[in-house]
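Here is the structure we will look at.
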Amino acid sequence: MELLPAPFPSFLPRPHQLPLSRPCHGRLQEPITAAFAQAPPLALPFQEATRRSSSSHTPRPSTRPCPPAQRPTTTHPLPPPLPPGPSPSSGSTGSERLIVSETKLITVHSCAGRLGDARKVFEGMACRDLLAWSAMIGAYAIRGLYEEVVALAVAMVREGVIPDRFLITRILQACAYTEDLELGTAMHSLAIRRGFMAEGARDVPVGNSVLAMYVKCGELGRARAAFDMMGQRDLCTWNSMIFGCCRSNEWEEARRLLDDMRRQGTEPGLVTWNTLVSSYARSGELDVAMEMLEQMEESGVAPDVVTWTSLVSGFVHGDRGGEALWCFARMRLAGVEPNGMTIASAISACASLRLLSQGMELHCHAIKVGSVNNVLSGNSLVDMYAKCGEIIAAKRVFDEIPEKDIFSWNSMVAGYAQAGYCGKAYELFCEMESLGVRRNVITWNIMISGYIRNGDDERAFELFQMMESCGVKRDTASWNALIAGSVHNGHSDRALRIFWQMQSLLVRPDFITILSIIPAFANLAGFWKVREIHACIYHNNLEMDGKIANALINAYSKSGDLAGACAVFDRHSSRNIISWNCIILAHLLHGSPSEALDRFCEMKQEGVRPDHTTLTAVIKAYGLQGKVSEAKRIFHNMTHDYNIIPDLDHYTAIVDLLGRSGSLQEAYEFIGNMPLIPNLAVWEALLTAATIHGNARLANLTARELSSLDPSDPRIQRLVFNYWGLTGKSVDVPLMTVYNGGRELEDVDSCSVEIKNNVYLFSTGDNLALESTVAELKLIMIQIRMSLLNISNETNAEEEKEELSGIHCEKLAIAFAISNSPPFRSIRIIKTLRMCSHCHIFAKLVSEKYERQILIKDSNCLHKFEDGKCSCEGYW
DNA sequence: GACCGCCTTT
């Protein structure tokens, strides 16, 4: 059976009986087909159209009252109804001549750019024939004012003028742009009635327009029906159909059409290849897009600026900035000049790769080709400068964008917020409101994320609460910002609560939610919880995402399950440098430096270039093995071998290594000779070494250095306090008077233990700890008392201090786990602060006495206690 | 035929 569109009746009502205008935006006041409802249908229409026309088969009243107040408004008033008189077809010779001259005038005005004058002439015409309508519609069409074209087309048809094949094509083009399926379908039926679409018809342009209209309206089924019915096809026909398939993700069908067209003698052209390349690139199938590029070049079609731009922007979107710039370079080599869009995309690539100098070069290029004032390039530049830390340059570019859009504002607000200038960001945020720039959900998300990442949780939550009352609906990213920020600030429990709350409000978590929440599971709970979220990811087919796999490796490792981490890594199909770093760090955390180094070799064999994190891990691995000279060799040759300049992390690793090997003086001198200003981590490494090796003089010296960094920094206060606790001596630095024996600081410590798939939280000095747990702890203490009596004075000092601040949380957790889990089952504890030596000894003794493996992950290291020994070998 | 900004892993 033939599929035909809605009927287009032959009978047309008298022009003055129908309103001319219709709203430019939104749906028709009534279906256009209803205007001709008095006539019987002539052709079998589409199902939908049949229903519509058959329901309005009853004759309409001959006149329809239409008071001016109720007339639909348009941005451009359409011509008033014509006075009753001779119909256009029966005009006298004189009036015909008038029409011709007025039509010419419309064309002249239009060509001279005086669209308003053209419109005035048109509206003043007493009688308008097809040519007059064509001239007026054409004037709008060539300027891309498709809404107007559609409005005029409706008015024309209602006035009883039937468009010819040329005008039908134009109107269909406008329908495609405005996605006006209704008018488009009516034009299709008219084209059929006029015989333009018949089997033997040679009118390809009309058929192509119909096809393109259905494709743009997302009606692939109707497009296919039109395609199959076309008597003749040209390159454009195939292109439209292939585009339609790509747009609907019907990739196989698109490729079939490509083969079909070649078989039927039409060679794919530039647009065909560009459609395929850009569609694959846009959908993230970048490797297939590159394959298409190859095929394109093989078939002798030279890629143009659109081909390359699609690829550059595709790679930018796929977070493959390097390949984006590589494509850009290939394009330049091929002699293709980039346009504003290409440059904008290449600048984005520089932004994501933090390539300031290359970004600046592109800025110069944008100035040269005159696309610097283009809002697209401007926005990319703002983003690039901000991401490269050049916030002043970013602001300068922003100020010079003549017509800022929401992207410009958001990029600048994000630039400030991400650089930590939340006040500046908020100023702009307020300025947007006062200037009447509508802030969207992204603007709000930027502010929320900015505040929470800069530690101002309160303001972040305030904005999160406020946004809906300001008329902006929260989306998944708004929730993600809170979750990621909470994890970032160490509030994993709160992150989990938000995660559950969003699900109870039926906000669907996306892969970023999962990615953000995985560290929370790892920080809070044992590996069963990590397995749970892993299963959840698996069921949602998210595992294939490389980033999620990386986060999982890390989570398994941190929760004490090295085997789980290895399993994820080994099945990881798209390993990158981060995946390798994760697995190397996992082995390191579990005290297996040789496995970590094996992985490093494997990685190099696979051709993956180590980055600064890898090399830090490698130095640490050598440090754990006591291979000082190997570590030093890596350190000294890293710039030459890997083009990586040592940063503070590498210096810290070397200080740690020297400290472990007991070369305290060398470590101290090494710090003195550093070209960088030593930070907290560097001094902390030395303090640890000095404390463990019992070098009180150096420890005291280091504590002073630390407190001179920033006496108000709570992390430093805690470090120095811990040192004081470890040595049992008072430190001769003024900051020690700041707090009362460190009580507030000790209060922060908490830990979690997972038993039978439940997670229990304990805090140091927890007065609410279950009495039974305290009793159990006392029992354990009695059991191992004999051994405890033999330990050093240092730890006794700690015990005294513990009496002051309350029982340490990990002791409570161990006691609770011993009495609530089956015998011999391993105990996994995750705590926020570093373990004290008394608890360390306690855990060692419990592991021996109760024959349990105890894993305690503290802020510095993972302690694996087995048979009275710890994997850290007493150095942490 | 292409279009920049938010939330993400070591």
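Per chain, numbering begins at 1; letters A, B, ... match sequence-line order.
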How would you label the contact of [X] with the nucleic acid (heavy atoms, under 4.0 Å): base, sugar-phosphate, or nothing?
{"X": "A/N239", "value": "nothing"}
{"X": "A/L381", "value": "nothing"}
{"X": "A/R453", "value": "sugar-phosphate"}
{"X": "A/D304", "value": "base"}
{"X": "A/S449", "value": "sugar-phosphate"}
{"X": "A/V271", "value": "nothing"}
{"X": "A/I446", "value": "sugar-phosphate"}
{"X": "A/S310", "value": "sugar-phosphate"}
{"X": "A/K216", "value": "sugar-phosphate"}
{"X": "A/I512", "value": "base"}
{"X": "A/H317", "value": "sugar-phosphate"}
{"X": "A/A484", "value": "sugar-phosphate"}

Given A/D399, A/I391, A/I401, the one that forms side-chain contact (heavy atoms from CB on, under 4.5 Å) with A/M412 | A/I391
Between [N] atom [atom2] and [X] atom [atom1], what is the distance in whole Å?
{"X": "A/L311", "N": "B/dC3", "atom1": "CG", "atom2": "C1'", "result": "15 Å"}
{"X": "A/I583", "N": "B/dT9", "atom1": "CD1", "atom2": "P", "result": "18 Å"}
{"X": "A/N581", "N": "B/dT9", "atom1": "CG", "atom2": "C1'", "result": "11 Å"}
{"X": "A/L270", "N": "B/dA2", "atom1": "CG", "atom2": "P", "result": "13 Å"}
{"X": "A/D510", "N": "B/dC7", "atom1": "CG", "atom2": "P", "result": "12 Å"}
{"X": "A/L376", "N": "B/dA2", "atom1": "CG", "atom2": "C1'", "result": "10 Å"}
{"X": "A/D475", "N": "B/dC6", "atom1": "CG", "atom2": "C1'", "result": "8 Å"}
{"X": "A/D319", "N": "B/dT8", "atom1": "CG", "atom2": "P", "result": "13 Å"}

Of the non-hydrogen atoms in A/G269 and A/V301, which two are nearest, and what is the gap between them?
-> C-CG1, 4.4 Å
Closest approach of A/A349 to A/G321 (non-hydrogen atoms, all atoms of both residues) | CB-O, 3.9 Å
Nearest to the [X] side chain among [options], which nucleotide is it?
{"X": "A/Q418", "options": "B/dT10, B/dC3, B/dC7", "value": "B/dC7"}
{"X": "A/I442", "options": "B/dC6, B/dC3, B/dC4", "value": "B/dC6"}
{"X": "A/N339", "options": "B/dA2, B/dT8, B/dG5", "value": "B/dA2"}
{"X": "A/I578", "options": "B/dT10, B/dA2, B/dG5", "value": "B/dT10"}
{"X": "A/M341", "options": "B/dC6, B/dC3, B/dC4", "value": "B/dC3"}
{"X": "A/S516", "options": "B/dT8, B/dG5, B/dT10", "value": "B/dT8"}
{"X": "A/A481", "options": "B/dC7, B/dT10, B/dA2", "value": "B/dC7"}
{"X": "A/K547", "options": "B/dA2, B/dT10, B/dT9", "value": "B/dT9"}

5′-ward residue of the pair A/I577/A/D383 relative to DNA chain B = A/D383
Going through the checks in order, is the ring pair (Phe, Tyr, Trp, His ring centres under 6.0 Å) test met by A/F429 and A/W409?
-> CA-CA 8 Å; A/F429 184 74; A/W409 286 94; over 10 Å; no
Got a sec: does the OH of A/Y421 have more than 12 other heavy atoms crowding it under 6.0 Å?
-> no
Taking atom types as modelled, find out whether A/N445 and A/N480 have a side-chain donor-acceptor pair closer than 3.5 angstrom.
-> no
Could you tell me whether the phosphate oxygens of B/dC7, OP1 or OP2, come under 4.0 Å of any side-chain nitrogen or oxygen in A/N445?
-> no
Might you work through the ring pair (Phe, Tyr, Trp, His ring centres under 6.0 Å) test for A/F464 and A/W479, ending with a clear yes or no?
-> CA-CA 9 Å; A/F464 184 80; A/W479 290 89; 5.0 Å; yes
